[in-house]
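Beneath this line is the structure, given in structure tokens, with notes to follow.
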Amino acid sequence: MLNAGLRGKRGLVVGIANEHSIAWGCARALREAGAELAVTWLNDKARPHVEPLARQVQAAIQLPLDVSNEEQTQALFEAIGAQWGQLDFLVHSIAFAPTGDLHGRVVDSSPEGFAQAMDISCHSFLRMAKLSERLMKRGGSLITMSYLGADEVIANYGLMGPVKAALESSVRYLAAELGPADIRVNAISPGPMATRAASGIAHFDQLLDEAARRAPLRRLVDIDEVGTVCAFLASDAARAITGGTLYVDAGYHILS
């Protein structure tokens with residue numbers, strides 16, 4: 001029997017690429033807590049990997065979404081409005097930077113690469129927050145994914161560090177602006193894990209090994225542990241929590 005913590009709530013999960021995605025851990029936890037879900041896939045190449053997962057969580061709405069495509073984004077939220085008439089939470093779990101810019105020095109990043117990374121990884125959250133606002137008629141929860149590289153210099157994280165810092169700052173400003181409408185905004189900062197997105201970071205295996213060795217709990221975290229926190233933030237149990245970054249990293253962030 002499903003946990004009833006989110007029963008009656010409806011939410012959108014963006015960013016599932018495969019069964020290893022953080023967004024998939026979130027979707028599974030949200031569904032287990034009783035939520036009804038809308039799920040997206042990036043493109044036709046990703047669709048065969050995402051559709052079976054969408055069926056597993058009985059997603060009521062399944063549509064393509066490339067956040068750089070304004071028409072697709074508008075169509076998604078129009079479909080949610082038409083079918084549900086409301087939205088209770090949004091999970092934004094997407095990030096991208098061109099490989100050449102990601103693997104180089106931040107000071108060498110191209111204007112085009114920096115702008116694309118910022119648009120897809122950060123400003124897309126703002127755009128979806130704006131579209132969510134009018135559907136969150138009884139309040140809601142906006143959740144995005146960050147990383148410790150927003151606060152500290154992490155070897156090989158490069159361009160994504162400034163981008164995630166902008167994302168966390170955006171969380172605070174959105175929380176202040178949307179709070180009067182009872183819309184909460186938070187970021188989750190997971191520890192490193194072997195996802196498709198993370199595989200683009202140079203020497204990522206070394207980062208995983210170091211995190212497991214140095215974290216106070218002496219291990220890595222997994223997508224289900226992130227999903228549990230996501231489901232909590234989407235629930236009424238977190239109704240007084242907004243504007244923050246919650247670390248799910250086995251304590252790694254407390255180390256210097």
Open item on the list: For the CZ atom on Arg239, are there more than 12 heavy atoms of other groups (residues, nucleotides or ligands in this structure) within a distance under 6.0 Å?
Closed with: no
Task: Between Ser109 and Asp101: side-chain donor-acceptor atoms closer than 3.5 Å - done: no
Open item on the list: Taking CG in Asn43 as the centre, count heavy atoms belonging to other residues, nucleotides or ligands within less than 6.0 Å. Is the count above 12?
Closed with: yes
Open item on the list: Is the shortest side-chain heavy-atom distance between Arg28 and Ile223 below 4.5 Å?
Closed with: yes
- [ ] To the nearest 0.5 Å, tell me how far Leu207 CG sits from Met193 CE.
- [x] 11.5 Å
Task: Minimum-distance pair of heavy atoms, taken over all atoms of Lys9 and Ala234 - done: CD-O, 3.9 Å
Task: Smallest separation among heavy atoms of Ala23 and Gly15, with atom names - done: CB-C, 3.5 Å
Open item on the list: Looking only at the side chains, is there a donor atom on one of Arg31 and Gln58 sitting less than 3.5 Å from an acceptor on the other?
Closed with: yes
Name the atoms and distances for all side-chain donor-acceptor pairs under 3.5 Å in residues 127-142, with sequence neighbours left out.
from, atom 1, to, atom 2, distance (Å)
Arg127, NH1, Asp119, OD1, 2.8
Arg127, NH1, His123, ND1, 2.8
Arg127, NH2, Val67, O, 2.9
Ser132, OG, Met128, O, 2.7
Lys137, NZ, Gly85, O, 3.0
Arg138, NE, Asp88, OD1, 3.0
Arg138, NH2, Gly8, O, 3.1
Arg138, NH2, Asp88, OD1, 3.3
Arg138, NH2, Asp88, OD2, 3.3
Ser141, OG, Leu233, O, 2.9

Task: Non-hydrogen side-chain atoms of Ser93 and Val14 separated by less than 4.5 Å - done: no
Open item on the list: Within the 4.5 Å heavy-atom criterion, are Ile188 and Val226 side-chain neighbours or not?
Closed with: yes
Task: Within one Ile-Leu-Val-Met-Phe-Trp-Tyr cluster: Leu53 and Leu12, side-chain cutoff 4.5 Å - done: no
Open item on the list: Whether the side chain of Ser21 engages the backbone of Ala17 through a donor-acceptor N/O pair (distance < 3.5 Å, no angle test) should be reported.
Closed with: yes
TODO: Could you tell me the separation between the CD1 atom of Ile143 and the SG atom of Cys230, rounded to the nearest 0.5 Å?
DONE: 4.0 Å
Task: Trp41 side chain reached by Leu65 side chain, heavy atoms, under 4.5 Å - done: no
Task: Nearest heavy-atom neighbours spanning Ala238 and Arg184 - done: O-NH1, 3.0 Å
TODO: Would you mind reporting whether Val39 and Val50 have side-chain heavy atoms less than 4.5 Å apart?
DONE: yes
- [ ] Ignoring hydrogens and angles, tell me if any N or O in the side chain of Glu36 forms a donor-acceptor pair with the backbone of Arg10 under 3.5 Å.
- [x] no
Open item on the list: I'd like to know if the side chain of Ser189 pairs up with that of His253 as donor and acceptor (distance under 3.5 Å, no hydrogens or angles considered).
Closed with: no
Open item on the list: Starting from Val91, can I reach Leu246 by hopping between I/L/V/M/F/W/Y residues whose side chains sit under 4.5 Å apart?
Closed with: yes
Open item on the list: One pair to check against salt bridge (Lys or Arg N to Asp or Glu O under 4.0 Å): Lys164 and Asp151. What are the steps and the verdict?
Closed with: CA-CA 9 Å; Lys164 289 295 189 181; Asp151 296 318; over 6 Å; no
TODO: Report the residues that fulfil ring pair (Phe, Tyr, Trp, His ring centres under 6.0 Å) with Phe89, sequence neighbours left out, ordered by chain and then residue number.
DONE: none
Open item on the list: Please tell me whether Val163 and Phe96 are part of a single hydrophobic cluster in this structure, the criterion being side-chain heavy atoms less than 4.5 Å apart.
Closed with: no
Task: Sidechain N-carboxylate O distance under 4.0 Å for Glu177, Arg172 - done: no
Task: Glu225 side-chain N/O to Asp222 backbone N/O, donor-acceptor pair under 3.5 Å - done: yes
Task: Single-linkage hydrophobic cluster, 4.5 Å side-chain cutoff, Phe114 and Ile154 together - done: yes
- [ ] Determine the minimum heavy-atom distance between Ile80 and Leu87, stating which atoms define it.
- [x] CG2-CD1, 4.1 Å
TODO: Compare all side-chain heavy atoms of Pro190 with those of Ile22 and state whether any distance is below 4.5 angstrom.
DONE: yes
- [ ] Decide yes or no for Trp24 and Val13: does some side-chain heavy atom of the first lie under 4.5 Å from some side-chain heavy atom of the second?
- [x] no
Task: Closest heavy-atom pair and its distance - Trp84, Ala38 - done: CH2-N, 3.4 Å
Open item on the list: To the nearest 0.5 Å, what is the distance between OH on Tyr252 and CZ on Arg213?
Closed with: 8.0 Å
- [ ] Rounded to the nearest 0.5 Å, what's the gap from SG on Cys26 to CG on Asp224? Could you check?
- [x] 9.5 Å
Task: Pairwise side-chain contact, Phe125 with Leu174, heavy-atom cut-off 4.5 Å (strictly under) - done: yes
Open item on the list: Restricting to non-hydrogen atoms, name the atom on Pro192 and the atom on Leu220 that form the minimum distance, rounded to 0.1 Å.
Closed with: O-CD2, 3.9 Å
Open item on the list: For residues Phe232 and Val185: do they belong to one hydrophobic cluster (side chain heavy atoms under 4.5 Å, members Ile, Leu, Val, Met, Phe, Trp, Tyr)?
Closed with: no
Open item on the list: Rounded to the nearest 0.5 Å, what separates atom CG in Asp108 from atom CG in Leu159?
Closed with: 11.0 Å
Open item on the list: Would you compute the distance between atom CG of Asp66 and atom OG1 of Thr73 and round it to the nearest 0.5 angstrom?
Closed with: 7.5 Å
